[in-house]
There are 2 protein chains.
Amino acid sequence: MPPVAAATEKKVTELLKRQSLSVTASRKRILQLFLDQPGALSHGAIEKKVGSVFDRVTIYRTLQTFVDRGLIHTIPSADNAIRYALCKDECGDGHHRHEHIHFVCQQCHHTYCLDEVVTPVIRLPKGYSPQQVEILVQGKCKQCTVSARR
Amino acid sequence: MPPVAAATEKKVTELLKRQSLSVTASRKRILQLFLDQPGALSHGAIEKKVGSVFDRVTIYRTLQTFVDRGLIHTIPSADNAIRYALCKDECGDGHHRHEHIHFVCQQCHHTYCLDEVVTPVIRLPKGYSPQQVEILVQGKCKQCTVSARR
DNA sequence: ACTAAAATAGCAACATAGTTGCAAAAATCA
DNA sequence: TGATTTTTGCAACTATGTTGCTATTTTAGT
């Protein structure tokens with residue numbers, strides 16, 4: 001059985017309204033993509049899934065809107081493919097509060113937010129004022145470790 | 001006076017030969033760009049500087065070669081612009097060993113390797129095997145903090 | 001220093017990624 | 001329902017990254 005149940009249309013509509021966003025087909029569909037799976041998605045991955053239904057430009061703009069409203073956040077990468085993942089409730093209009101780290105599996109290439117792992121405090125040299133810390137761990141994810149053990 | 005002296009041609013030639021790389025004009029010039037300043041450079045930034053002299057493709061291939069040989073390393077970003085920075089001596093053919101963090105200034109948009117700040121050990125949930133940890137700190141850099149104080 | 005072999009650079013052509021302006025369509029709100 | 005606002009899709013464009021091929025440069029051996 002699949003680990004995550006499909007989000008109902010009601011749920012995504014709820015989420016959009018809560019951010020006072022117009023409820024449109026593309027926004028509902030793209031938000032649902034995020035709810036339907038545990039990892040992060042790149043623009044490219046989303047385009048592959050729904051690119052025949054919605055215009056590329058619409059997908060770009062939808063992602064930007066979601067980031068602006070604090071529905072999703074960006075995850076940096078070393079392969080020129082920014083990923084996006086759902087935010088927790090603490091994020092909202094114009095601000096993001098994230099304390100979790102990001103895990104990139106080198107085998108299945110999925111990216112996950114590890115909400116249970118809190119980012120440590122980083123002590124910087126004099127003169128540097130930190131604002132935000134992003135931690136990116138590469139390795140082998142839960143699924144891939146399990147599959148390899150069989 | 002400029003803070004960093006220009007690297008001599010001899011020095012870059014030395015570095016290239018040490019990695020058993022052919023010594024060519026583009027490799028010398030691009031390597032010198034890195035030595036002439038303290039931060040990281042994106043492909044775009046390099047192209048702006050020497051794009052009229054060398055072909056775009058040559059720059060891409062030179063950067064890739066340098067990464068492969070352990071001369072420079074990549075720094076992930078959230079703006080689809082991978083940065084490259086010089087490696088310390090511990091890196092070599094096919095492998096990279098980095099323990100430092102990366103600092104991105106939100107004001108001047110430069111990226112620096114903070115070699116004196118060591119990446120802490122990150123404790124992951126069961127099932128995840130970490131291979132590499134990348135830490136990206138955003139904030140205001142030394143220069144920009146000083147300039148603001150004036 | 002010269003030459004043959006190997007490596008690299010430049011070019012062209014292509015593929016992918018991201019942006020902008022504008023008119024048509026859809027969503028909101030009264 | 002209808003007017004207003006917002007969003008979408010399209011077209012055109014810019015930027016970014018890749019590949020194959022040939023010419024040029026570099027290297028290594030004499």
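We use all heavy atoms of the structure for the numbers below, so side chains are in, but hydrogens, waters and symmetry mates are not. So that the names make sense, note that chain A is the first sequence line, chain B the second, and so on, each numbered from 1.
- When distances are taken from the side chain of B:R61 to each of C:dG10, D:dG9, D:dT16, the shortest belongs to C:dG10.
- Nearest-nucleotide positions on DNA chain D for B:V23 and A:V53 put A:V53 closer to the 5' end.
- Both B:L21 and A:T24 lie close to DNA chain C; mapped to their nearest nucleotides by heavy-atom distance, the more 5′-ward contact belongs to B:L21.
- Under the 4.5 Å side-chain contact rule for hydrophobic residues, B:V137 and A:L136 do not share a cluster.
- Picking from D:dT18, C:dA9, D:dT8 the nucleotide with the shortest atom distance to the side chain of B:T62 gives C:dA9.
- Although no hydrogens or angles enter the test, the distance criterion places a donor-acceptor pair under 3.5 Å between the side chain of A:R27 and the main chain of A:S22.
- We find that CD of B:E47 is positioned 13 Å from P of D:dT18, with the value rounded to whole Å.
- Closest contact between the side chain of B:V57 and the listed nucleotides C:dA17, D:dT19, C:dA9 involves D:dT19.
- Looking only at distances, a side-chain donor or acceptor of A:R83 sits under 3.5 Å from a matching main-chain atom of A:A81.
- Atom NZ of B:K17 is separated from atom C1' of D:dA28 by 12 Å (rounded to the nearest Å).
- In this structure, B:L16 atom CG and C:dA7 atom C1' are separated by 14 Å, rounded to whole Å.
- The CD1 atom of A:I59 sits 12 Å away from the C1' atom of D:dT8 (whole-angstrom rounding).
- D:dT7 atom C1' lies 18 Å from atom OH of A:Y60, rounded to whole Å.
- Atom NZ of A:K28 is separated from atom C1' of D:dT6 by 16 Å (rounded to the nearest Å).
- Ring-plane geometry between B:H110 and B:Y112 is classed as tilted, the angle between the planes lying from 30 to 60 degrees on a 0 to 90 degree scale.
- Residue B:I30 contributes atom CD1, which lies 11 Å from atom C1' of C:dA9 at whole-angstrom precision.
- Among the nucleotides C:dC11, D:dT27, C:dT20, the one closest to any side-chain atom of B:D55 is C:dC11.
- Among the protein residues, B:T65 comes within range of no part of the nucleic acid, since none of its heavy atoms lies under 4.0 Å from any strand.
- A:R56 places its CZ atom 12 Å from the C1' atom of D:dC13, with the value rounded to the nearest Å.
- At least one donor-acceptor pair closer than 3.5 Å links the side chain of A:T145 to the backbone N or O of B:G127.
- Contact annotation: B:R27 reaches the phosphate of C:dT8 (side-chain N/O to OP1 or OP2, under 4.0 Å).
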